[in-house]
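The structure displayed is predicted, hence computed values, not measured ones.
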Amino acid sequence: EGQYPTQLAGLTVAGKYLTSIPTAKTPNYHADSAAEKDGVLSTAQDDTGGWVYNNVSGDSNIGNMEINCTHTDTKGSIWTSY
């Protein structure tokens, strides 16, 4: 509708875009979680699992989301690099 939602849950209202927020899986580091932490991606990361969603108006990355994990996967790639 031309605007990013203020929270990820806004994507699930009436199932218009998603039926639910998917679970972020970071095996061996955090429990599977669909929890959301909001803020600028580079500063909101707190390594607790789930998602980080940039809902900061005026930020060039508004609407982006990353897995909230600073560890690496089994191939050595940082989870947030996907």
Side-chain angles (χ1 to χ4, degrees):
E1 319 247 337
Q3 296 182 28
Y4 292 103
T6 56
Q7 293 186 313
L8 287 176
L11 297 173
T12 65
V13 174
K16 185 171 182 176
Y17 301 105
L18 296 171
T19 55
S20 65
I21 300 301
T23 301
K25 298 177 182 259
T26 52
N28 304 322
Y29 299 114
H30 307 286
D32 296 352
S33 174
E36 173 184 346
K37 178 160 173 74
D38 298 321
V40 176
L41 299 178
S42 61
T43 58
Q45 278 285 353
D46 64 3
D47 198 36
T48 57
W51 301 102
V52 175
Y53 174 63
N54 186 343
N55 66 348
V56 178
S57 179
D59 186 83
S60 62
N61 291 311
I62 189 170
N64 289 355
M65 59 188 283
E66 293 179 347
I67 293 177
N68 190 3
C69 179
T70 58
H71 298 95
T72 57
D73 65 12
T74 56
K75 295 181 181 175
S77 297
I78 298 173
W79 288 100
T80 58
S81 66
Y82 294 105

### Task
Indicate the atoms forming the closest heavy-atom contact of Gly63 with Tyr53, along with that distance.
O-CE1, 3.6 Å
### Task
Could you state whether Tyr4 and Val52 fall into the same hydrophobic cluster, counting links through intermediate Ile, Leu, Val, Met, Phe, Trp or Tyr residues with side-chain heavy atoms under 4.5 angstrom apart?
no
### Query
Which heavy atom in Trp51 sits nearest to a heavy atom in Ile67, and how many Å separate them?
CZ3-CG1, 3.6 Å
#### Entry: Non-hydrogen atoms of Gly10 and Pro5 that approach each other most closely
CA-CB, 4.1 Å
### Query
Which residues pass the ring-ring contact (aromatic ring centres under 6.0 Å, His included) test with Tyr17, sequence neighbours left out?
none
### Query
Other than Val40, which residues form its hydrophobic cluster under the rule that side-chain heavy atoms must be closer than 4.5 Å?
Val56
### Query
About how many Å separate NZ of Lys37 and CG of Asn68, when rounded to the nearest 0.5 Å?
7.5 Å
### Query
Does any N or O in the side chain of Glu36 come within less than 3.5 Å of the main-chain N or O of Leu8, such that one atom is a donor and the other an acceptor?
yes
### Task
Evaluate the side chain to side chain donor-acceptor pair (under 3.5 Å) criterion for residues Asp59 and Asn54: first the C-alpha distance (whole Å), next the side-chain angles of each, then the deciding distance (0.1 Å), finally the verdict.
CA-CA 8 Å; Asp59 186 83; Asn54 186 343; 2.7 Å; yes
### Message
As an exercise, state the distance from NE2 of His71 to OG of Ser77, rounded to the nearest 0.5 Å.
### Response
15.0 Å
### Message
Glu66: which residues meet the side-chain contact (heavy atoms from CB on, under 4.5 Å) condition with it, sequence neighbours left out?
### Response
Leu41, Gln45, Thr80
## Note on the structure
Correct closest heavy-atom pair for Gly50 and Ala24 would be O-CB, 3.5 Å
### Message
More than 12 heavy atoms of other residues, nucleotides or ligands under 6.0 Å from CD1 of Ile78: yes or no?
### Response
no
### Query
Rounded to the nearest 0.5 Å, how far apart are CG of Asp47 and OG1 of Thr70?
3.5 Å
### Task
Give, for atom CG of Asp32 and atom OG1 of Thr26, the distance between the pair rounded to the nearest 0.5 Å.
7.0 Å
### Message
Please report the interatomic distance OG1(Thr19) to CG(Leu11), rounded to the nearest 0.5 Å.
### Response
11.5 Å
#### Entry: Gap between atom CG of Asn55 and atom CE of Met65 - 0.5 Å precision
12.0 Å
